[in-house]
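One structure is given below, encoded as structure tokens.
First the proteins, then the strands, lettered A, B, ... as listed; each starts at 1. Small disclaimer: the values here were computed from a predicted structure and weren't measured.
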Number of protein chains: 2
Amino acid sequence: MDYIVIMREVDLRRIDLNLLVALEALLDEKNVTRAAHRLGMSQPAASRALGRLRALFSDALLVDGPGGYVLSSRAEEVRPVLSWILAGVGEMLEANAFDPATATGRIRLLTPDLQAASLAPYLLARLAHEAPLLDLDIDAPGSHGLDLLERGDADAMVALIDEAPAGIRRRRLYDEELVTLMRADHPALAGEFTLERFLALEHIVVSVTGVGPAPVDEVLARMGRTRRVKLRVPNFFAAVEIAARSDLIMTLPSSLARAAANMRRLVSLPPPFDLKSFTMSLAWHARQQDAPRHIWLRRVIVAAAMDMSSVADVGS
Amino acid sequence: MDYIVIMREVDLRRIDLNLLVALEALLDEKNVTRAAHRLGMSQPAASRALGRLRALFSDALLVDGPGGYVLSSRAEEVRPVLSWILAGVGEMLEANAFDPATATGRIRLLTPDLQAASLAPYLLARLAHEAPLLDLDIDAPGSHGLDLLERGDADAMVALIDEAPAGIRRRRLYDEELVTLMRADHPALAGEFTLERFLALEHIVVSVTGVGPAPVDEVLARMGRTRRVKLRVPNFFAAVEIAARSDLIMTLPSSLARAAANMRRLVSLPPPFDLKSFTMSLAWHARQQDAPRHIWLRRVIVAAAMDMSSVADVGS
DNA sequence: ATAATCCATGCATTGGACGCATGGAAAGCC
DNA sequence: GGCTTTCCATGCGTCCAATGCATGGATTAT
């Protein structure tokens, strides 16, 4: 079989792919001068591009016919494929866009329970307004938050973040203050509220998921101290009722505590340890740094945090 | 809706498409040095290509992670599309191949009846041997052969072609000789066989399709003369029987006449006009000049014509 | 601490694409 | 036939963007 042509792989490194744009113009126009104009180059340059394309394809591509050039058989074959390839390139380069108004899917956010309770209403409000078709999934990070970001199992995390490992980006979000709440006629209000008195009392912890340490326990852990958690409840309002009718106390972010204090049955005090406030940060993986969807998400989270903070400022 | 990004058409004239090959290597390797090696360039050049790609995509594409670079979200999206595009380019550039052994389809050849009868057995033999799945369709060109080539309704034509118009390519194929056959005891054999005697006799024309002038009539037309066609039959052997039993004569290509002369009831003479032989040429449209399928077809036709001529040589 | 690896950038070089100019070929018009 | 117009291809000189060498900062491992 003398006529079997050995199939040879094309080495794209050696090929000037920019010629393909010129080819499309030449085949559309069937006229070197007009194609040159369309490409924004001179006629000689377009003629030379045609020469190089002829060499590349080992085919004349455009041949003399009545009234000027006509497409060769090879050019007729190639033309639809070429259009399809260049359209694909155009789409690939354009795909860097994100429209929240029409976007669908699920945003996965990691944040501790109580912070979620503070922030979520504002975040949900913004999402409902700007991206009505996006869903929000909030999970407690536990001790594995950074791993989850690393693995792509979460989009972002709002938490107390001391150190960001390689690949994790971070931005300060808001300062979180803690307050301790107890019933208005609690015996501990009769004297100085020391750390020892604080640790001697029994505590309520509000935890929706039951996962991970509360920020209070993280702070105490850094001091080598532990409190007595007498009760862990998933329901904030249940916690308030129990505190109002017992000697149990609870320590909360001030943003949450403010709502409870409005009930007028509880008193709020600064907790008796040095670290009364800490910075909540937004963390995400570098992989998503420039992704339009993620840029937008970070802006929404920051805005929601500012919404939350400005409501707090108005109240003080 | 502040966040709607205005969709902007990509101007491919301004984009260096050669960067896409580098991008594939960089995303595959996740390491600039190794990608450079694979691309056959230096590490700094590959690093700068990455820089340009980052600008083109407005995305980092490769970001620091544990153990080196990891793909950005955008890169993850782009990667399969990119592979698909580059594979498409490779296929497009490779498509210039033709394997007769596996090719299917129909070859449409134009050639006058008698020449077809001469050439077809040799052509069919070669096709059966080299391209068993290709079909052959032979039609008489009539007076519209060149139009049919122009319009792409035929692949090639074998005929007497004086002038090839713009866009039609031509190559000499073989010289065709004419002989006149008559029964062995025909009265015209008694004296000189002049043109006047030739024209005074009645003629048989063998025509399978009944379409178009025989080459004899074309030659006579150029002399301003006409012969009397008494009988037109589609069957060559019928023509032989009639000639053997009547005063009718017939004028044929020598390649065909040879088979009849072997029957020993007919005598062959050179026809009494100047143009006793003419060149049969192969014609095709320039559009198909470089197409592998057509290159191969032209070779096969030329070879078949040579097969036919060499058999004639052996007999003489 | 040192060594190895990787990536990014300054600097000098250069090859290839470019535009201007030109002329041949083809088609149309008188 | 000659003249004009249009189109395409090619010579020549220019220049610029991509390249490789050299270098140094950052990170990781020992």
Side-chain angles (χ1 to χ4, degrees), chain A residues 12-23 25-57 59-72 75 150 163-169 286-287 289, chain B residues 12-23 25-56 59-72 75 150 163-169 286 289:
Chain A
L12 294 183
R13 296 172 302 183
R14 308 286 165 247
I15 287 168
D16 185 359
L17 297 184
N18 294 322
L19 285 175
L20 299 181
V21 179
L23 180 58
L26 286 161
L27 298 190
D28 284 351
E29 301 290 342
K30 301 188 185 93
N31 175 297
V32 174
T33 305
R34 288 202 305 273
H37 184 75
R38 170 169 156 175
L39 292 164
M41 62 170 68
S42 68
Q43 177 270 321
S47 184
R48 271 183 287 245
L50 177 58
R52 288 160 64 208
L53 285 161
R54 283 171 167 157
L56 178 60
F57 283 88
D59 188 81
L61 299 174
L62 290 174
V63 294
D64 286 323
Y69 269 156
V70 297
L71 271 57
S72 72
E150 181 75 45
E163 298 255 342
I168 301 293
R169 301 283 167 81
R287 192 161 54 211
Q289 177 66 28
Chain B
L12 293 183
R13 294 172 303 183
R14 307 286 166 249
I15 286 168
D16 185 0
L17 298 184
N18 294 321
L19 284 175
L20 298 181
V21 178
L23 181 59
L26 286 160
L27 298 190
D28 284 349
E29 301 290 341
K30 301 188 184 92
N31 176 296
V32 174
T33 305
R34 287 203 305 272
H37 184 75
R38 169 170 157 174
L39 292 164
M41 63 171 64
S42 69
Q43 177 268 319
S47 184
R48 269 182 284 244
L50 177 58
R52 288 162 61 210
L53 284 161
R54 282 170 167 158
L56 178 61
D59 187 81
L61 300 175
L62 290 174
V63 295
D64 286 323
Y69 270 157
V70 298
L71 271 58
S72 72
E150 182 77 43
E163 299 254 340
I168 302 293
R169 301 283 166 84
Q289 176 66 30

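- Here the CG-CG distance, from L12(A) to L17(B), works out to 12.0 Å after rounding to the nearest 0.5 Å.
- If you take CG of L61(B) and P of dA8(C), they are 11 Å apart, rounded to a whole angstrom.
- Between dA9(D) and R54(A), a contact under 4.0 Å exists linking OP1 or OP2 to a side-chain N or O.
- With rounding to whole Å, D16(B) atom CG is found 14 Å from dC16(D) atom C1'.
- Atom CZ of R14(B) and atom C1' of dA17(D) are 16 Å apart (whole Å).
- Between Q43(B) atom CD and dC21(D) atom C1' there is a gap of 11 Å when expressed in whole angstrom units.
- Counting non-hydrogen atoms under 4.0 angstrom, D64(B) reaches nothing in the nucleic acid.
- Residue side chain R48(B) reaches the base of dG20(D) through a donor-acceptor N/O pair under 3.5 Å, judged by distance alone.
- Nearest heavy-atom pair across V21(B) and L39(B) is O-CD2, 3.9 Å.
- Contact between E29(A) and R34(A) at its shortest, heavy atoms only, is O-NH2, 2.6 Å.
- Residue-level contact check: R52(A) touches the backbone only, with heavy atoms under 4.0 Å from sugar-phosphate atoms and none from bases.
- Taking OG from S47(B) and CG from L26(B), the interatomic distance works out to 9.0 Å, rounded to the nearest 0.5 Å.
- Across the interface with DNA chain C, nearest-nucleotide mapping of M41(A) and L50(B) shows L50(B) to be the residue nearer the 5′ end.
- Here T33(A) reaches the OP1 or OP2 of dC8(D): one of its side-chain N or O atoms lies under 4.0 Å away.
- Rounded to whole Å, the distance from CG on L62(B) to P on dC7(C) is 9 Å.
- With hydrogens and angles disregarded, no donor-acceptor distance shorter than 3.5 Å links the side chain of R287(A) to the backbone of A75(B).
- In this structure, the CG atom of L53(A) is 12 Å from the P atom of dA9(D), given to the nearest Å.
- Between Y69(B) and dA8(C) there is a side-chain polar atom (N or O) within less than 4.0 angstrom of OP1 or OP2.
- The interatomic distance linking E29(A) (CD) with dC8(D) (P) rounds to 11 Å, in whole Å.
- Following rounding to the nearest Å, N18(A) (CG) and dA17(C) (P) show an atom-to-atom distance of 10 Å.
- Here the nucleotide nearest the side chain of V32(B), chosen from dA9(D), dG20(D), dC7(C), is dC7(C).
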